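One structure is given below, encoded as structure tokens.
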Amino acid sequence: METYDKLIQVKNLKKHYNKGVIKALDGVTLDINKGDVIVIIGPSGSGKSSLLRSLNLLEEPTEGTILFEGVDITKKKDSNGKKLDIDKHRQKMGMVFQHFNLFPHKTILQNMTVAPIKVKGVPQAEAEKKALELLGRVGLADRAGAYPIQLSGGQKQRVAIVRALAMEPDVMLFDEPTSALDPEMVGEVLDVMKKLAKTGMTMVVVTHEMGFAKEVGNRVIFMDEGKILEEGSPDAIFNHPQNPRLKDFLSKVLY
Amino acid sequence: MNFATIGQNIVKLTIKYWDKFLITGMQYTISLAALTVGVGAVIGALIALLRMSRIAPFRWIAAVYTEIIRGTPMLLQLYLFYFALPQLIPFLNKKQYLCVAIALICNSAAYVSEIIRSGIQAVDIGQTEAARSLGMNQSLTMTQIILPQAIKNILPALGNEFIMIIKDTSLASTFFIGDLMTQCLLIKGATYLTMEPLIMVAVIYFVLTFVLTKLLGVFERRLRRGDVR
């Protein structure tokens, strides 16, 4: 199999609503390399989530291209007229949501095995073994038979992370994974994400956790009004910000 | 005429006509309602699918159908089907019960389609996003994730529709189909009494729907058990 240094290449991505009146994304260009832990920060409404959700086409961009592992996933058909199988690409992009979105009618184990079994055709026994192993890694092996309703917010989010990992994705997308959590549960989720970053997983994280951005991210991106205004190492962004709006933003979120 | 004689008449009539008229009436009413909701649910599900289709003309057809059915009186629909169907389809000639049943089914299907559609749309959009982000296609997402949750919204509303239809079948008595209301008219014709048969079937209708409502409540609580948020 080919390997791509550049896992995802975003070129001039635009997402407009109301015929261009609202520009959620206004020309974003970004390369995501294998092993990157990219943290996207910015005020609310700056387009961070739109960018993340465009990467696996939960939002359809108005303009621009997204190359994922060499394939332009914004084109419905490739140059040979072959239809794009977006489900195939989504299998390789795990996503974690702000509100967990666990399936309430399924047990934790079923939450984690439904996609591997039904989508990838993994035998049930094998899928369950892998799920239990993943649950063990986040300290929840004993809750495999529980339903999501019986879990705390932090536990739910840890399950959501390993549910995505069960599909063995090449990249993990996190959409404000700790924003809906009680403060005392934020740490346990960030810990799981830190461990994941150490395994070399490529991650794109939209978050308001500046501590996480500093400590775990290798690149930090500051967005406002649908544009990337500044990009750099955590040290450059947090200690030597250039853009006035980034300076203003940091003065409000760092105390 | 006073209340005592009315009461006495009701008791007498009930005993006299119980077997021959009222039991038969109940059988007709319940079977017609069950047939209507049963078949109506299947057709309603299909209409709901059309209504949520990605293909616009399908959505339009379903929307027009639903709006026409909901925007015209049921009695008018019954007349239309009763008189028009046998002319269009010779097979249905002299099959009054079937014509009325088809009219009721077509009516109920429109309402059921709305029940199913709103039941599906009430499931959090995040569920769809989570399923799709795991690589599940649209039909897998529907069958594995959305429908099992939507069913909890749909079943209780479908029960209510059944209760509504039990009452609506009384319109079928316009064509002497044999339902409770028809029996009421027959007793009236045989005895020249008006108020007594009306009160009798009113009580029967009420008991039927009241018991069903209570049963439905138990069923609904059982469905909801364990998913308090």
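Residue numbers begin at 1 in each chain, while the letters A, B, ... track the order of the sequences. Quantities reported herein were computed from a predicted structural model and do not represent experimental measurements.
Between the NE2 atom in A:His105 and the CD atom in B:Gln127 there is a gap of 7.5 Å [rounded to 0.5 Å]. Between the OG atom in B:Ser133 and the CG atom in A:Leu57 there is a gap of 12.5 Å [rounded to 0.5 Å]. In this structure, CD1 on B:Ile146 lies 8.0 Å from CZ on A:Phe103, to the nearest 0.5 angstrom. With rounding to the nearest 0.5 angstrom, the CE atom of A:Met93 is 13.5 Å from the CG atom of B:Leu134.
When each of A:Lys118, A:Gln91, A:Lys106 is scored by its heavy-atom pairs under 4.5 Å with chain B, the top score falls to A:Lys118. Most heavy-atom pairs under 4.5 Å with chain A, from the set B:Thr128, B:Ile145, B:Asn137: that is B:Ile145.
For chain A, the nearby part of B:Leu140 is the side chain; its heavy atoms alone come within less than 4.5 Å. Contacts between A:Met167 and chain B at a heavy-atom distance below 4.5 Å involve the side chain alone, from C-beta outward. With a 4.5 Å cut-off on non-hydrogen atoms, A:Arg53 touches chain B through its side chain but not through its backbone.
Take B:Asn153 and apply the side-chain hydrogen bond (donor to acceptor under 3.5 Å, both in side chains) test, not counting sequence neighbours, and it matches no residue.
Between the A:His89 side chain and the B:Gly135 main chain, no donor and acceptor come within less than 3.5 Å of each other. In this structure a side-chain-to-backbone donor-acceptor pair under 3.5 Å is present from A:Asn101 to B:Gly126.
Annotation: A:Lys129, atom NZ; neighbour count of heavy atoms from other residues, nucleotides and ligands within 6.0 Å does not exceed 12.
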